[in-house]
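Everything on this sheet refers to the single structure shown next.
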Amino acid sequence: MKILGPSFYKQTTLEIAKNLLGTFLVHDSPNGKTVGKIVETEAYLADDPACHASRGETPRNKMMFDPPGHAYIYFIYGMYFCFNVVTAKKGVGEAVLIRALEPVEGIELMHKRRAKKNKGHFSIHELCNGPAKLVIAMGITKDMNGVDLSKGDLKLLRPSVTPDSDPGSPGRSRIQCGMTEIHTTTRIGIVQGAHLPYRFYFKDNPFISKR
DNA sequence: GTCCTGATCCTCT
DNA sequence: GAGGATCAGGACG
């Protein structure tokens with residue numbers, strides 16, 4: 001496994017949203033380690049009315065203007081948090097929302113964290129199939145807003161099959177996606193910019209949030 | 001299975 | 001003061 005470095009973020013936000021599919025989100029917490037494979041993302045661009053940063057910088061969205069590879073975590077609907085990867089160069093507010101993960105490691109811990117919020121029992125497919133769910137399952141907190149995802153306890157990794165400097169190589173696509181096809185649709189739960197085809201997920205993957 | 005609602009509070013207007 | 005990049009549970013069929 002290899003950390004996603006600066007060269008990965010030289011791509012456009014839409015390319016990053018697609019190429020984050022198949023990479024691994026890792027959190028080393030005091031309670032244990034959890035790992036999930038990213039299977040669903042949404043892109044939010046600077047000139048996109050749905051993007052929090054589209055109307056300029058505010059205290060809430062200022063992390064979106066950080067250099068790429070940082071975390072933007074925001075509070076929504078009075079009780080949930082969503083996790084984004086900042087994607088554009090410093091000063092440009094763009095990000096990719098991580099909408100669903102396929103649990104890979106620390107599945108018991110994910111169950112425990114999700115069960116704390118509500119006493120129901122979840123199938124493995126329901127642990128991380130939504131932006132707020134995966135934040136809970138991974139143990140991500142608002143304190144991690146703005147952290148650098150190439151160092152520290154919360155990291156983005158991918159199989160070290162191809163060099164970091166060649167993120168779009170055919171080799172990588174084969175390894176990362178296997179036979180899996182990437183599906184593109186409009187985004188979930190927004191009104192502004194609802195027609196834009198900025199949602200990406202692995203077709204037929206059982207861990208995505210919505211068909 | 002689908003649809004509706006309540007929970008709950010920060011953020012920007 | 002309104003609204004929001006959500007979720008779970010209940011009603012209904």
Side-chain angles (χ1 to χ4, degrees), chain A residues 12-14 16-18 20-21 25 36 38-66 68 70-88 92-103 110-147 149 154 156 182-202 204 206-211:
Chain A
T12 67
T13 294
L14 288 174
I16 290 171
K18 276 181 269 193
L20 277 174
L21 296 176
L25 182 62
I38 296 173
V39 297
E40 180 179 345
T41 60
E42 283 181 2
Y44 287 85
L45 308 189
D47 63 351
D48 158 15
C51 179
H52 289 171
S54 67
R55 281 169 294 280
E57 189 173 330
T58 67
R60 178 205 200 190
N61 67 24
K62 69 176 197 296
M63 301 302 183
M64 291 185 84
F65 295 84
D66 276 355
H70 286 240
Y72 168 52
I73 299 164
Y74 67 88
F75 184 70
I76 188 74
Y77 295 130
M79 50 172 80
Y80 296 115
F81 292 93
C82 295
F83 170 74
N84 296 247
V85 180
V86 177
T87 52
V92 179
E94 302 197 341
V96 171
L97 170 70
I98 308 303
R99 283 197 58 89
L101 300 175
E102 177 175 331
M110 292 184 184
H111 270 290
K112 229 181 274 178
R113 285 171 174 152
R114 293 269 282 121
K116 235 183 239 179
K117 272 263 189 200
N118 62 327
K119 48 191 176 216
H121 177 71
F122 297 100
S123 82
I124 187 168
H125 298 112
E126 296 169 312
L127 278 179
C128 299
N129 64 337
K133 297 182 194 181
L134 69 90
V135 162
I136 297 166
M138 292 293 291
I140 295 170
T141 68
K142 65 180 190 308
D143 301 332
M144 297 170 198
N145 192 18
V147 299
L149 296 169
L154 188 63
L156 281 171
I182 293 178
H183 216 70
T184 304
T185 69
T186 54
R187 294 169 294 183
I188 309 277
I190 57 171
V191 179
Q192 305 270 318
H195 64 288
L196 295 167
Y198 291 169
R199 174 173 176 245
F200 307 100
Y201 61 87
F202 283 145
D204 299 327
F207 297 92
I208 62 174
S209 67
K210 203 178 170 207
R211 303 265 139 214

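In what follows, chains carry the letters A, B, and so on, assigned in the order in which the sequence lines appear, proteins first and then strands, with residues in each chain numbered from 1.
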Distance, rounded to the nearest Å, where A:Leu97 contributes CG and C:dT6 contributes P: 8 Å

Mutual orientation of the aromatic rings belonging to A:Tyr74 and A:His52 [parallel < 30°, tilted 30-60°, perpendicular > 60°]: perpendicular

Between P of C:dG4 and CD of A:Gln192, the distance in whole Å: 8 Å

Residue pair A:His183 / A:Tyr201, side-chain heavy-atom distance below 4.5 Å: yes

Below 4.0 Å: OP1/OP2 of C:dC7 and any side-chain N or O of A:Arg114: no

Touch class at under 4.0 angstrom, heavy-atom based, for A:Ala50 against every strand present: base

Base B:dA7 paired with A:Tyr77 side chain (donor-acceptor, <3.5 Å): no

Under 4.0 angstrom between A:Lys133 side-chain N/O and C:dA8 OP1 or OP2: yes

Touch class at under 4.0 angstrom, heavy-atom based, for A:Arg60 against every strand present: sugar-phosphate

Length of the line joining A:Glu40:CD and C:dA5:P, which is rounded to integer Å: 16 Å

Atom pair distance, as rounded to whole Å: CD1 in A:Ile136 and C1' in C:dT6: 9 Å

Interatomic distance where CE belongs to A:Met79 and P belongs to B:dT5 [whole Å]: 17 Å

A:Glu94 to A:Thr13 - nearest heavy-atom pair and separation: OE1-OG1, 2.5 Å

Residue A:Phe75, side-chain heavy atoms: nucleotide from B:dC9, B:dC12, C:dA5 that is nearest: B:dC9

Distance in angstrom units between A:Arg55 CZ and C:dG4 P, rounded: 10 Å

Value in whole Å for how far the C1' atom of B:dT2 lies from CZ of A:Arg211: 17 Å

Heavy-atom check, side chain of A:Leu97 versus side chain of A:Tyr44, under 4.5 Å: yes

Secondary-structure string, 5' to 3', Watson-Crick or G-U under 3.5 Å, | for another-strand partners, for DNA chain B: |||||||.||||.

Earlier contact from the 5' end, DNA chain C, for A:Ile76 and A:Asn129: A:Ile76

Gap between atoms OH and C1', on A:Tyr80 and B:dT11 respectively (whole Å): 19 Å

Validation row: A:Lys142, A:Phe75 side chains within 4.5 angstrom (heavy atoms): no

Interatomic spacing from CD1 in A:Ile124 to CG in A:Asn129 - rounded to 0.5 Å: 11.0 Å

Pairwise distance OG1(A:Thr41) to CG(A:Leu21) - rounded to 0.5 angstrom: 4.5 Å

